[in-house]
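The structure presented is a predicted model; accordingly, all values stated were derived computationally and were not measured.
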Amino acid sequence: MTGMTVDELAAVSGVSKSMIEKAEAGQAFADTEITDRLRNIFESKGIIFIGAGEGDIAAGPGVRMRQHSHDEGIHPRDLNAANDG
């Protein structure tokens, strides 16, 4: 959802690539420090974590992207000589 690769997430979080791959395979982390670190990174990228029953009593837990306003301006990653004004 964020467009980050496993290598990028490992570099930013300090969590090993193999540990991230285990999480992607559905294996839970025992270390809450790691889960908190990853959650903070994802939340900073616009991910919202939804608890079971939030908004719909029958719904399970999940994630979604934060909705952005219509005019966010230009993201720093999109700046170039043509739009640097």
Side-chain angles (χ1 to χ4, degrees):
M1 291 177 76
T2 65
M4 294 177 76
T5 66
V6 174
D7 289 327
E8 290 169 334
L9 182 57
V12 170
S13 68
V15 176
S16 72
K17 183 178 173 181
S18 65
M19 190 73 101
I20 292 168
E21 289 169 342
K22 286 179 184 179
E24 287 183 320
Q27 299 174 8
F29 288 122
D31 188 342
T32 57
E33 180 184 334
I34 292 172
T35 56
D36 289 345
R37 192 178 321 157
L38 293 174
R39 182 182 183 118
N40 288 335
I41 291 167
F42 289 132
E43 287 176 341
S44 75
K45 300 286 185 182
I47 301 291
I48 299 171
F49 291 85
I50 305 162
E54 283 186 44
D56 179 354
I57 204 147
V63 295
R64 73 172 62 138
M65 292 296 294
R66 183 176 323 282
Q67 203 168 26
H68 297 287
S69 67
H70 294 288
D71 182 14
E72 297 178 20
I74 298 174
H75 290 274
R77 70 173 181 269
D78 297 326
L79 285 174
N80 57 48
N83 63 23
D84 187 18

Practice item. Given side chain to side chain contact (heavy atoms under 4.5 Å, CB included), test Ile47 with Met65 step by step and report yes or no. Key: CA-CA 5 Å; Ile47 301 291; Met65 292 296 294; 3.2 Å; yes

Review point. Side chain to side chain contact (heavy atoms under 4.5 Å, CB included) between Glu24 and Val6: does it pass, once the steps are laid out?
Key: CA-CA 10 Å; Glu24 287 183 320; Val6 174; 3.7 Å; yes

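In this structure, the side chains of Glu8 and Thr5 come closer than 4.5 Å at one or more pairs of heavy atoms. At least one side-chain heavy atom of Ile20 sits less than 4.5 Å from a side-chain heavy atom of Ser13.
No continuous path of hydrophobic side-chain contacts links Ile48 to Leu9 [ILVMFWY only; heavy atoms under 4.5 Å]. At a threshold of 4.5 Å between side-chain heavy atoms, the hydrophobic network of Ile, Leu, Val, Met, Phe, Trp and Tyr places Ile50 and Met1 in two separate groups.
Atom CD of Glu43 and atom CG of Asp36 lie 9.5 Å apart (nearest 0.5 Å).
Taking each heavy atom of Ala10 and Ser16 in turn, the nearest pair found is CB-C, 4.3 Å.
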